[in-house]
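In what follows, chains carry the letters A, B, and so on, assigned in the order in which the sequence lines appear, proteins first and then strands, with residues in each chain numbered from 1.
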Protein chains: 2
Amino acid sequence: MASAPATVVATSSETVTRILTAAEALFAEHGFDAVSMNAIAERAGVSKANVFHHFNTKQDLYLAVIRAACHDASQHLDDLGNDDAPMAERFEGFARAHLTSLLEHEQVARLTLRELLGEDPHRGQALAEQVYGEKFARFVAILRAGQNSGELRADIDPAAVATLLIGANVFFFEAREVLRHFPEISFARQPDRYSELLTEILLRGILPSDSSPSSSARKRS
Amino acid sequence: MASAPATVVATSSETVTRILTAAEALFAEHGFDAVSMNAIAERAGVSKANVFHHFNTKQDLYLAVIRAACHDASQHLDDLGNDDAPMAERFEGFARAHLTSLLEHEQVARLTLRELLGEDPHRGQALAEQVYGEKFARFVAILRAGQNSGELRADIDPAAVATLLIGANVFFFEAREVLRHFPEISFARQPDRYSELLTEILLRGILPSDSSPSSSARKRS
DNA sequence: TGGAACACTGACCGACCGGTCAGTCAATGA
DNA sequence: TCATTGACTGACCGGTCGGTCAGTGTTCCA
C-alpha cells in the first residue's frame, strides 16, 4: 500500500540511502567494475545480502545511483535565466557557476564522465542526455537572445559557444590534477581565475582589436 | 644477448605486439578492471599462461600498453612549429590537427582519458604528463611568440588559451556521441566544421566589434 | 494471540579472477 | 649429437566475484 511504484525494489528506510551513498562514492571513485558489492555493503554498514535485498542486481544498484545523480544534477544550475544584467556579466556568471557546480558535486561529475567514456553499462547516457540536454538548450537560448538584442555577434553559432565553454570547464575539472604540474599554468588551483581568463578570451577573442595602436609596443614580463 | 634492456620481460617476436594490440583495444574500450587476462589472451590468439610469460602481472601489461600509447602520442602532432603563416591560420591549423589526431587515435585518447579519471592503477599519469606537458609547452611558446610579434593580444594568458582550445577539443571527442542528440548542435558529425566555429570564436570573440555598425540589423534564420 | 510482511543476516554456490607450474617443442650452438 | 634455452601450453591454485537461500527478529494488524 506504500507509494513506491517500481524501478527499485526498496520501499523504505534510511538503509537504502546509506547503500546509495556508499555506492555513489565508490562508483564515482573507482568505476563500476572495480567496485564489489561486498565493498559497498561494508561501507554502508550492512550485509551484502541486504544490499541484494534492496537491489536485485549490481547493475540495478548502479542504475539507481546514476538516476539519483541525474536527479541531483537537474537541480543544480537552475537559477541563471532570470537575470537582466548585461550579456558579458551573465556569461561570466554562468561560466563561474558551471565550473563551481562541477567542483562542488565532484562525484556526480565523475560518474557522468565515466558514463561518457562508456563504462560498460552505458544505459545512463539516455538519462544524462535528457538532463544535460535541457540545460544546454536553455543556455543556448540565452545566447540567442543576446544575439537578437545585438549584445552578441549574430554570425556565430551559439551552440558552438556553449560547447566551447562547457568543454573548457569540463576539461579543467578532469585534468586539473595534471594541469598543476604544467609550469606554464598559474590557474590550476584557482578555478575562479580560470573562469575570468576564459570569459575574457571568449568575449573579446585573442586577436588584437584592429583599431588599437598599442599592439606593437607591449612586452611580456 | 638481445638488445632489449629492461622494463618488460618480453624480448622478442610478434607475439608481444599481438598481446599489446589486443590489450590496448580492450583496455581502451572497457577499462582496466573490466578486462580479464583471459579475454586479452583469447583476442591475441595465445594462451593466458603465455601472456604471463611475457608480462609478469596484469598491471605490468597495462603499464606497457600505456607506455606504448604515450610513445605513439609523442609522435603525433609533431609538425606544427615550422610554419611562417599568419597566426590566425596557424591557430586554426593546430585546432584542426589536434581534433583530428584525437579522433584518428581514438584508443590512445580513451586510454589517456581513463587515466585522467583515475582508473585505479594510475601510475601512467606521470608518463602522460611528460608527453602532453611537452606538447602543451610548445603550443604555449608559439602563442607567446605571437604575442611578442603583435599578432596576438598581449594581455591574455597563453596557457589559458591553450587549455581552452585543448579542452574544447577533448570535450568534443568524449561527448560527441551525446552531442549528436542535442537538436541545437549541427556540427556533432563534422569535426572540421567544429574546428572552424571554435577558431572563429577564439580569434575574434563573441562580442560585436565596437566599430561595426551592422549589429542591430542582423536577424537569425 | 498469532501470523503475515518485511528488513536483515550468515552460510553458501558456481563461475571466474589473477597467477603458477610442470612440461612440450623448436631452434640454437658447442 | 646433444644439452640448453626460451616461447608456449593445459591443468591447476587460492581467492573473490555476483548472487541465492533458509532462517531470525521485529512490527503491525486481524
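- Between the side chain of A:K48 and the base of D:dG19, at least one donor-acceptor pair of N or O atoms lies under 3.5 Å.
- Going from atom CD1 of B:I40 over to atom P of C:dC16 covers 17 Å, rounded to whole Å.
- Picking from C:dT9, D:dC8, C:dT20 the nucleotide with the shortest atom distance to the side chain of B:T15 gives D:dC8.
- The cationic atom of A:R176 (NZ for Lys, CZ for Arg) lies less than 6.0 Å from the six-membered ring centre of A:F173 and within 45° of the ring axis.
- Taking side-chain N and O atoms only, A:N50 has a distance below 4.0 Å to OP1 or OP2 of C:dT9.
- Taking the nucleotide of DNA chain D with the nearest heavy atom to each of B:S47 and A:S36, the more 5' of the two is matched to B:S47.
- Within the 4.0 Å cut-off from OP1 or OP2 of D:dC21, not a single side-chain nitrogen or oxygen of A:H53 is found.
- Atoms CE (B:M37) and P (D:dT9) sit 14 Å apart, rounded to a whole Å.
- The aromatic rings of B:Y194 and B:F172 sit parallel, their planes meeting at an angle under 30°, below the 60° perpendicular limit.
- Of the charged side-chain nitrogens involved, none lies within less than 4.0 Å of a carboxylate oxygen, so that A:R110 and A:E115 do not count as a salt-bridged pair.
- Minimum atom distance to the side chain of A:K58 is reached by D:dG19, of the listed C:dC8, D:dG19, D:dG10.
- The side chain of B:S13 lies closest to D:dC8 when the candidates are C:dC8, C:dT20, D:dC8.
- The CD atom of B:E14 sits 13 Å away from the C1' atom of D:dA7 (whole-angstrom rounding).
- Counting to the nearest Å, the P atom of C:dG18 and the OH atom of B:Y62 are 15 Å from each other.
- Of the listed nucleotides (D:dC17, D:dA7, D:dT9), D:dA7 has the atom at the smallest distance from the side chain of B:H54.
- Put simply, CZ on A:F52 is 19 Å from C1' on D:dG23, counting in whole angstrom units.
- Counting heavy atoms from C-beta on, the side chains of A:F91 and B:I206 come closer than 4.5 Å.
- Straight-line distance from the CG atom of B:N38 to the P atom of D:dT9: 13 Å, rounded to whole Å.
- Note on B:V35: only backbone sugar-phosphate atoms sit closer than 4.0 angstrom, heavy atoms only; bases stay farther off.
- Atom CG in B:N56 sits about 13 Å away from atom P in C:dC21, given to the nearest Å.
- With rounding to whole Å, B:Q59 atom CD is found 15 Å from C:dC17 atom C1'.
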For this session: Check step by step if side chain to side chain contact (heavy atoms under 4.5 Å, CB included) holds for B:L165 and B:F94.
Result: CA-CA 9 Å; B:L165 170 61; B:F94 178 81; 3.4 Å; yes
